[in-house]
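Because the structure is predicted, anything quoted here is derived from the model rather than measured.
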Amino acid sequence: MFTLENTCIEKGCLKGEVALVTGATSNVGKGYAQALAWAGAKVVVVGRNAQRGAAVVDEINGDNGDGTAIFVAADVSKEEDIARLKQEAYAAFGKVDILINNAMDMSLNGPILGAKVEELDRSYAISARAVLLTVNAFVPDMVDRAHGTVVYSTTQFHYMPPM
């Protein structure tokens, strides 16, 4: 069972809020989704892997009650996927208050020497283009309501020397 009891965050403090987390099927994104749900938000778990997405949603709903989280399969670098993501998120929860851009493709990490330009293009598409697409899809409604938060936590857009 996920908990933040040893923090200054109060359980349920985000009741009534809706969060959308890209790259939420594992690692940091999964932690964001779990923490937001524990704090009372409804959560849209976004990722490309439906099996992992379903497992995250099952865990969140098991800890916080049915209907706390949904999964939407999406490649956030594609405009049509973002349009469908917005449609599904709004159909389920009616709004998005918290947008966390976290998606990344860790298979793209590696030395720049010998890297293919397609790897750089894919990294850019996930770490920069996708952020533009999600911001343009969700932030106008936040501005209209004068309520919302956007977080950018993607760290993929880099190349590391071999370890």
Side-chain angles (χ1 to χ4, degrees), residues 2 9 14 17-39 41-57 59-60 69-163:
F2 183 89
I9 299 170
L14 292 177
E17 301 292 303
V18 177
L20 186 146
V21 184
T22 68
T25 61
S26 63
N27 300 319
V28 174
K30 178 182 176 184
Y32 283 138
Q34 291 172 310
L36 290 158
W38 183 89
K42 300 291 186 179
V43 180
V44 181
V45 172
V46 183
R48 293 177 293 163
N49 185 307
Q51 185 176 9
R52 288 194 330 219
V56 171
V57 167
E59 188 175 333
I60 289 171
I70 64 165
F71 172 70
V72 178
D75 179 338
V76 292
S77 70
K78 295 182 178 177
E79 290 180 64
E80 60 274 10
D81 280 20
I82 296 300
R84 184 178 45 75
L85 171 59
K86 182 176 180 180
Q87 182 179 29
E88 292 187 34
Y90 277 57
F93 299 125
K95 63 179 181 167
V96 169
D97 301 300
I98 303 164
L99 171 61
I100 299 186
N101 289 291
N102 172 71
M104 61 186 83
D105 185 339
M106 296 306 289
S107 70
L108 299 172
N109 281 343
I112 195 166
L113 187 62
K116 294 180 172 72
V117 73
E118 295 82 14
E119 293 171 336
L120 179 63
D121 290 344
R122 182 68 185 145
S123 185
Y124 166 80
I126 296 168
S127 299
R129 184 177 200 274
V131 173
L132 176 73
L133 293 174
T134 58
V135 164
N136 283 334
F138 295 100
V139 172
D141 292 337
M142 292 179 188
V143 170
D144 288 346
R145 292 183 292 116
H147 180 78
T149 301
V150 178
V151 175
Y152 177 78
S153 74
T154 301
T155 58
Q156 176 56 43
F157 200 52
H158 65 280
Y159 281 89
M160 296 297 292
M163 299 293 185

- Heavy-atom closest pair (Lys86 atom, Ala137 atom, distance to 0.1 Å) is NZ-O, 2.9 Å
- Task: Starting at CE of Met142, measure out to NE2 of His147 and round the result to the nearest 0.5 Å.
- Result: 8.5 Å
- Could you tell me whether Asp75 and Arg122 make a salt bridge, using a distance below 4.0 angstrom between a side-chain N and a carboxylate O? yes
- Query: Do Thr134 and Leu20 come close enough that some side-chain heavy atom pair is under 4.5 Å?
  - Reply: no
- Message: Test your reading of the model: is there a side-chain donor-acceptor pair from Ser127 to the backbone of Tyr124, 3.5 Å cut-off?
- Response: no
- Message: For Asp121, is there any backbone N or O sitting under 3.5 Å from a side-chain donor or acceptor partner on Arg129?
- Response: no
- Item | Over 12 non-hydrogen atoms of neighbours within 6.0 angstrom of CD in Gln51 | no
- Specify the closest pair of heavy atoms between Val96 and Ala89, including all atoms of both residues, with the distance to one decimal. CG2-CB, 4.2 Å
- Query: side chain to side chain contact (heavy atoms under 4.5 Å, CB included) between Leu85 and Val44: does it pass, once the steps are laid out?
  - Reply: CA-CA 9 Å; Leu85 171 59; Val44 181; 4.1 Å; yes
- Please assess Asp97 against Arg145 for the test side chain to side chain contact (heavy atoms under 4.5 Å, CB included), listing each intermediate value before the final yes or no. CA-CA 9 Å; Asp97 301 300; Arg145 292 183 292 116; 2.7 Å; yes
- Note on the structure: From the list Val21, Ile70, Val76, side-chain contact (heavy atoms from CB on, under 4.5 Å) partner of Val46 resolves to Val76
- Could you grab the distance from atom CZ of Arg48 to atom OG1 of Thr22, nearest 0.5 Å is fine? 11.0 Å
- Atom of Val43, atom of Ala37 and distance for their closest heavy-atom approach: CG2-N, 3.8 Å
- Task: Check the pair Lys95, Asp141 against side chain to side chain contact (heavy atoms under 4.5 Å, CB included), reporting the backbone distance first and the verdict last.
- Result: CA-CA 8 Å; Lys95 63 179 181 167; Asp141 292 337; over 6 Å; no
- Item | Heavy atoms from other residues, nucleotides or ligands near NZ of Lys78 exceed 12 (cutoff 6.0 Å) | no
- If you measure from CD1 on Ile98 to NZ on Lys42, what distance do you get to the nearest 0.5 Å? 13.5 Å
- Item | Nearest atoms (heavy-atom pairs only) where Asn101 meets Ala130 | OD1-O, 4.4 Å
- For the atom pair CG (Asn136) and CD1 (Ile82), what is the distance rounded to the nearest 0.5 Å? 10.5 Å
- Audit row: Thr25, Asn49, side-chain hydrogen bond (donor to acceptor under 3.5 Å, both in side chains) steps and yes/no: CA-CA 7 Å; Thr25 61; Asn49 185 307; over 6 Å; no
- Closest approach of Ile100 to Ser153 (non-hydrogen atoms, all atoms of both residues): CG2-OG, 4.4 Å
- Query: Do the side chain of Tyr152 and the main chain of Ala128 share a donor and acceptor less than 3.5 angstrom apart?
  - Reply: no
- Note on the structure: Residues Ile60 and Val45: closest non-hydrogen pair is CD1-CG2, 4.1 Å
